[in-house]
Amino acid sequence: MTPPPTRVFVYGTLMPGERNAHLTAAGVPQAQPATLRGFTLYHLHPEAYPALQAGPAEAQVRGVLLTYGPDAWAAALPQLDELEGVGEQPPLYTREVATLQLDSGEEVAAWVYIYARPDRLAQPGAAPVAGGDWRAAPHRERPAAGER
């Protein structure tokens with residue numbers, strides 16, 4: 001299923017009300033609560049941001065589906081990719097297609113940023129987030145200046 005090129009699922013610092021939400025606000029996208037199944041969410045400390053990895057089928061992550069108009073998406077996408085380290089070597093996250101379920105029950109395809117450094121998840125300070133909602137994770141305060 002190919003996603004409309006203007007949808008992205010956010011599950012951490014990019015969600016409305018979180019510290020990097022200003023990067024998603026360009027063009028005032030439509031925001032809808034959504035669930036991503038089959039993935040596990042981790043909280044990284046001291047980094048204070050989440051990491052998403054494929055997980056068991058019963059795992060789920062709560063977040064927000066953002067839908068942009070074409071012009072707003074063209075402005076937002078480069079900022080999102082930069083924050084998520086898509087162009088870093090090695091990349092911090094990759095942007096991939098996933099199927100989400102809206103609270104209405106409708107399934108939609110969207111872009112999702114998947115954590116690309118699984119070795120970090122085996123180190124101290126990487127903890128699965130119970131319930132898959134990063135807003136419930138402890139120690140989410142802003143990291144030091146210059147960090148994500």
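FYI, the numbering just counts along the sequence from 1.
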Next on the checklist: Is it the case that the side chains of T35 and R62 hold a donor-acceptor pair, with the cut-off being a distance below 3.5 Å and no angle test?
Outcome noted: yes

Item to check | Atom pair CD1 (I114) and CG (L52), whose distance is rounded to the nearest 0.5 Å | outcome: 4.5 Å

Next on the checklist: If only side-chain N and O atoms count, and only distance matters, is there a donor-acceptor pair under 3.5 Å linking Y113 with D81?
Outcome noted: yes

Next on the checklist: Working to the nearest 0.5 angstrom, can you tell me the gap between T13 OG1 and L83 CG?
Outcome noted: 5.5 Å

Checklist entry - Does a side-chain heavy-atom distance below 4.5 Å link Y49 with R19? => result yes

Checklist entry - Nearest 0.5 Å, what's the CD-OH distance between E84 and Y115? => result 11.0 Å

Next on the checklist: Could you go through R117 and E88, starting from their C-alpha distance and side-chain angles, then the distance that decides it, and tell me whether this counts as salt bridge (charged side-chain N to carboxylate O under 4.0 Å, His left out)?
Outcome noted: CA-CA 12 Å; R117 297 182 183 170; E88 294 177 12; 3.2 Å; yes

Next on the checklist: If I compare all heavy atoms of P78 with all of A74, which pair ends up nearest, and what's the gap?
Outcome noted: CD-O, 3.2 Å

Next on the checklist: Using every non-hydrogen atom in the two residues, find where V129 and A137 come nearest and quote the distance to one decimal.
Outcome noted: CG2-CB, 4.3 Å

Item to check | Verdict with supporting geometry, V112 and V8, side-chain contact (heavy atoms from CB on, under 4.5 Å) | outcome: CA-CA 6 Å; V112 177; V8 63; over 6 Å; no

Item to check | Non-neighbouring partners of Y11 that pass ring-ring contact (aromatic ring centres under 6.0 Å, His included), sequence neighbours left out | outcome: none

Next on the checklist: Using the side chain to side chain contact (heavy atoms under 4.5 Å, CB included) definition, which of the options T24, V86, L66 pairs with L80?
Outcome noted: T24

Checklist entry - Looking only at heavy atoms, what is the nearest atom pair of G12 and P50, with distance? => result CA-CG, 3.6 Å

Checklist entry - What distance do T67 atom OG1 and Q32 atom CD have between them, rounded to the nearest 0.5 Å? => result 5.5 Å

Checklist outcome for this item: Residues pairing under side chain to side chain donor-acceptor pair (under 3.5 Å) where one sits in residues 125-135, two or more places apart or in two chains, turn out to be H43-W134, D133-R135

Checklist entry - Considering only heavy atoms from C-beta outward, does the side chain of V108 approach that of T99 to under 4.5 Å? => result no

Checklist entry - Between A116 and P91, which heavy-atom pair has the shortest distance, and what is it? => result CB-O, 3.5 Å

Item to check | Shortest non-hydrogen contact between A21 and P16, atoms and distance | outcome: CB-CA, 4.1 Å

Checklist entry - When rounded to the nearest 0.5 angstrom, what distance separates CD in E107 from CD in Q101? => result 5.5 Å

Next on the checklist: Check R120 with E47, please: is the shortest side-chain N to carboxylate O separation under 4.0 Å?
Outcome noted: yes

Checklist entry - If you round to the nearest 0.5 Å, how far is CZ of F9 from CG of L65? => result 8.5 Å

Checklist entry - Any side-chain heavy atom of L77 sitting closer than 4.5 Å to one from R95? => result yes

Next on the checklist: How close do P118 and Q53 get, counting heavy atoms only, and between which atoms?
Outcome noted: CB-OE1, 3.8 Å

Checklist entry - Would you say Q30's side chain and Y68's backbone share a donor-acceptor pair under 3.5 angstrom? => result no

